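Written below as structure tokens is the structure these notes are about.
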Amino acid sequence: MELNKKALFNEHGDIELSKRKMINGNTTNLNDFNNIKYTWTSNWYRNAMNNFWIPEEINLSQDLKDYKNLEAKEKRAFDKILSFLIFLDSLQTANLPNVSEYITANEINLCLTIQAFQEAVHSQSYGYMLDSICSPEERTEILYQWRDDKRLLKRNKFIGDLYNEFRENKTPYNLVKTMVANYILEGVYFYSGFMFFYNLARNGKMPGCVQEIRYINRDENTHLWLFKKMILELENEEKELFTKEKIDIYKNMIKTGVEQEIEWGKYVIGEDIEGLTLQMIEEYIKYLGNLRSQALNFGIIYEGFEQEPESMKWVNEYQDINSIKTDFFEAKPSAYSKSSVIDDDLDDL
Ligand SMILES: [Fe+2]
Ligand SMILES: [Fe+2]
């Protein structure tokens with residue numbers, strides 16, 4: 001099976017919803033919000049728009065003081081994790097149009113455009129954070145740490161190579177692999193980073209940066225949900241892309257992602273950060289891997305890690321920025337929170 005680029009100008013495109021397909025469809029490319037086949041996109045779109053936020057409206061003056069006073073091991077972890085997140089959001093901003101170019105359902109292309117916009121906001125928020133808390137030299141050091149730190153580079157290469165593979169060889173199979181890579185990035189990779197920030201909050205440090213991360217996390221949850229739905233629609237429409245052998249490969253990708261995230265957690269967080277242990281990191285990331293794999297109908301990867309670990313229940317409190325009791329640092333989440341609460345898997349979106 002070949003993979004055809006979606007049309008740009010196509011006066012002969014199909015208007016009938018019954019002919020609309022995720023890939024290799026004949027789209028008119030018209031943005032018609034009233035005539036959609038994948039009806040879940042409508043709620044997703046509104047939800048994502050309601051989540052709009054502006055990085056500079058969060059006050060970082062306390063963070064400027066806190067950053068100078070972080071213990072050496074905390075600062076090391078903070079810098080490395082931020083460097084990783086900065087890279088991932090840049091990669092996302094750049095790669096989403098590559099995926100969208102081969103999706104032939106206009107309502108989904110619109111969602112991907114909103115997602116790409118949000119990834120740009122995330123990148124901008126990192127710029128604002130760095131500008132507010134450190135010197136220009138430190139800023140450059142953090143921005144490009146992923147190029148010099150071998151372990152960080154290895155992680156970025158795994159996802160980067162998968163994205164590149166699709167760019168260089170545009171087959172339906174490589175598209176699914178890119179989408180699964182995207183899903184891993186959104187659903188596993190960010191999480192030990194988020195966890196580190198939330199733990200800083202528990203220790204009363206870097207309140208503004210934590211608030212930025214909470215808004216980012218809320219967006220990432222919707223991105224994760226979007227890719228889950230896209231992959232599930234493809235599973236439904238293109239059975240040959242989801243044979244037992246291929247599912248094993250996708251599942252192994254998730255497994256590799258989980259292993260790398262744990263290894264990374266050991267390297268940047270280790271046993272040195274008050275409030276976090278290696279065991280907590282490992283259990284939590286394995287649980288996330290199971291959650292992600294199951295959501296795509298691939299089954300459990302790690303037996304015995306099906307439930308959220310008791311030791312990590314506190315993470316949810318920070319993740320849920322829309323809840324009433326989120327006024328952790330007198331920040332003002334309610335100013336933006338127009339949408340309802342989003343849980344990790346967004347099943348009731
Ligand atoms: Fe992002
Ligand atoms: Fe994202």
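Every number for a ligand or one of its atoms is a count from 1 in the order of the listing. Here the structure is a predicted model, which means the values were calculated and not measured. We use all heavy atoms of the structure for the numbers below, so side chains are in, but hydrogens, waters and symmetry mates are not. In this chain, numbering begins with 1 at the start of the sequence shown.
Glu263 has no carboxylate O lying under 4.0 Å from a charged side-chain N of Lys266, or vice versa, which leaves the two without a salt bridge. By the 4.0 Å N-to-carboxylate-O rule, Arg20 lies too far from Asp14 to be salt-bridged with it. Ionic pairing of Lys170 and Glu2 is not present here: no N-O contact between side-chain nitrogen and carboxylate oxygen is shorter than 4.0 angstrom.
When distances to the Fe ion (ligand 2) are checked against a cut-off of 2.8 Å, His122 contributes no N, O or S atom below that limit. With a cut-off of 2.8 Å, the Fe ion (ligand 1) has an N, O or S atom of Glu119 in range. Not a single N/O/S atom of Asp89, whether from backbone or side chain, sits less than 2.8 Å from the Fe ion (ligand 2). At a cut-off of 2.8 Å, Asp219 is not counted among the residues with an N, O or S atom near the Fe ion (ligand 1).
Between Trp53 and Tyr215, the two ring planes are parallel [angle under 30°; tilted spans 30° to 60°].
Between Asp161 and Asn164, the side chains place no donor N or O within less than 3.5 Å of an acceptor N or O (distance only, hydrogens not considered).
Between the Fe ion (ligand 2) and the N, O or S atoms of Glu220, the shortest distance is to OE1.
At the Fe ion (ligand 2), the angle from ND1 in His223 to OE1 in Glu186 is 100° when rounded to 10°.
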